Amino acid sequence: MSPRPAPAPLLIACALGIEQLALRGRGHGTPGGPVTVLRTGMGSAAAERSVTRMLADPALGEAAVLATGFCAGLASGMHPGDLVVAGETRDPRGSVPCAGTELLVKELVRTVPGRTVHTGPLTGSDHVVRGHERSALLATGAIAADMESAATLLAAVRTGERPVAAVRVVVDAPEHELVRIGTVRGGISAFRVLRSVLPAFYEWHRSLLLPRR
């Protein structure tokens with residue numbers, strides 16, 4: 001009997017130290033394979049560079065990639081602590097479809113009960129979105145914006161065929177703008193939600209593992 005192939009790994013990418021801190025040691029579920037939480041640094045260039053470098057490692061060559069962290073909600077009625085599951089990520093270079101969106105929504109509803117989960121396009125921005133910019137981005141069909149998800153997933157699919165996804169926690173929204181993350185109630189609420197999502201990520205990964213060649 002031939003040995004059972006090793007499961008494909010999962011790479012979870014976030015930009016900020018506070019996001020990485022939230023994701024550390026909070027997985028009460030069982031991973032479907034080796035899990036790496038990568039802090040990329042802020043901005044699309046840093047995200048693309050960090051993810052491309054990590055996926056060049058043969059140990060991560062077939063990794064599933066999930067971008068996560070905080071985001072700006074674009075639609076009226078969104079609140080800090082709401083979750084956004086991207087159907088696709090977008091930036092000026094194009095869009096990347098996400099895998100297993102319905103599964104992620106189901107698992108997040110189960111894992112973080114009481115939190116609203118939004119689905120739709122997640123758009124990239126080269127700066128923190130404020131004020132009237134939200135309505136302009138909402139008019140494109142996007143429901144949330146952040147600085148790294150689009151670049152993360154674009155880098156991931158350029159390096160090889162793999163499942164990718166993006167899940168973000170709303171840290172501010174049209175009626176709830178923040179000045180600084182972690183100093184007001186909205187930021188604290190988003191941090192607490194991000195601490196709780198790893199079991200849903202593990203279920204997504206387990207269900208969408210790539211077959212080994």
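Since we're looking at a predicted model, the values are computed, not measured.
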Quick check: does any side chain N or O of Thr68 sit under 3.5 Å from a backbone N or O of Cys14, one acting as donor and the other as acceptor? no

Got a salt bridge between Glu107 and Arg206, using NZ or NE/NH1/NH2 to carboxylate O under 4.0 Å? no

Can you list the steps and then say if Glu203 with Lys106 is a salt bridge (charged side-chain N to carboxylate O under 4.0 Å, His left out)? CA-CA 10 Å; Glu203 287 303 314; Lys106 175 184 175 183; over 6 Å; no

Main-chain N/O of Thr116 paired with His118 side-chain donor or acceptor, under 3.5 Å: no

Would you name the heavy atoms of Ala47 and Thr40 that are closest together and state the gap between them? CA-CB, 3.7 Å

Side chain to side chain contact (heavy atoms under 4.5 Å, CB included) between Phe70 and Asp172: does it pass, once the steps are laid out? CA-CA 9 Å; Phe70 303 132; Asp172 68 348; over 6 Å; no

Are the side chains of Glu102 and Thr119 in touch, meaning some heavy atoms are under 4.5 Å apart? no

When you measure from the side chain of Glu148 to the backbone of Gly43, do you find a donor-acceptor pair of N or O atoms at a distance under 3.5 Å? yes

So, does Arg162 use its side chain to make a donor-acceptor pair with the main chain of Ala156 at under 3.5 Å? yes

Trp204 side chain to Pro199 backbone, donor-acceptor under 3.5 Å: no

Below 4.0 angstrom, N of the basic side chain to O of the carboxylate: do Asp82 and Arg168 qualify? no

Examine distances only and state if a side-chain atom of Thr140 and a backbone atom of Leu137 form a donor-acceptor pair shorter than 3.5 Å. yes

Nearest 0.5 Å please: distance from the CG atom of Leu154 over to the OG atom of Ser95. 9.5 Å

Separation of Met147 CE from His127 NE2 (nearest 0.5 Å): 8.5 Å

Which atom pair, heavy atoms only, marks the closest approach of Ala63 to Leu55? CB-CD2, 4.2 Å

Would you confirm whether Arg195, through its side chain, and Leu21, through its main-chain N or O, come within 3.5 Å as a donor-acceptor pair? no

Heavy-atom pair with the smallest gap, counting every atom of Gly120 and Ile143: N-CD1, 3.5 Å

Are Val112 and Val197 close enough that some pair of their side-chain heavy atoms sits under 4.5 Å apart? yes

Less than 4.5 Å apart, any side-chain heavy atom of Leu10 and any of Thr36? no

Non-hydrogen atoms of Leu74 and Ala142 that approach each other most closely: CD1-O, 3.7 Å

Same apolar cluster: Val37 and Phe191, side chain cutoff 4.5 Å: yes

Side chain to side chain contact (heavy atoms under 4.5 Å, CB included), that's the test. Do Leu66 and Thr152 meet it? Break it down for me. CA-CA 8 Å; Leu66 193 150; Thr152 293; over 6 Å; no

Would you mind reporting whether Leu38 and Leu11 have side-chain heavy atoms less than 4.5 Å apart? yes

Is Met54 linked to Leu16 within one hydrophobic cluster, defined over Ile, Leu, Val, Met, Phe, Trp and Tyr using a side-chain heavy-atom separation of less than 4.5 Å? no

Determine whether Phe201 and Leu83 fall in the same hydrophobic cluster, where Ile, Leu, Val, Met, Phe, Trp and Tyr are linked whenever their side-chain heavy atoms lie under 4.5 Å apart. yes

Between CD of Glu133 and CG of Leu138, what distance do you get to the nearest 0.5 Å? 13.5 Å

Scanning both residues in full, the closest heavy-atom pair of Ala13 with Val51 reads CB-CG2, 4.3 Å

dist Arg93:CZ -> Ser44:OG (nearest 0.5 Å) comes out at 6.0 Å

Is the closest side-chain heavy-atom distance between Cys71 and Val171 below 4.5 Å? no

How long is the gap from CZ on Arg53 to CG on Leu60, to the nearest 0.5 Å? 12.0 Å

Hey, are the side chains of Cys98 and Leu153 touching, using non-hydrogen atoms and a 4.5 Å cut-off? yes

Do Arg39 and Glu19 meet the salt-bridge criterion of a basic N to acidic O distance under 4.0 Å? no

Verdict with supporting geometry, Val96 and Arg90, side chain to side chain contact (heavy atoms under 4.5 Å, CB included): CA-CA 7 Å; Val96 176; Arg90 301 173 174 174; over 6 Å; no

With side chain to side chain contact (heavy atoms under 4.5 Å, CB included) as the criterion, how do Leu23 and Leu198 come out once you've worked through the C-alpha distance, each side chain's angles and the decisive distance to 0.1 Å? CA-CA 7 Å; Leu23 293 162; Leu198 276 179; 4.2 Å; yes

What's the shortest heavy-atom distance between Ala59 and Pro9, and which atoms? O-CG, 3.4 Å

Kindly work out whether a path of hydrophobic side-chain contacts (I/L/V/M/F/W/Y, heavy atoms less than 4.5 Å apart) joins Val85 to Val157. no

Would Ile12 end up clustered with Val65 when hydrophobic side chains under 4.5 Å apart are linked, directly or stepwise? no

Arg115 side chain near Val193 side chain, heavy-atom distance below 4.5 Å: yes

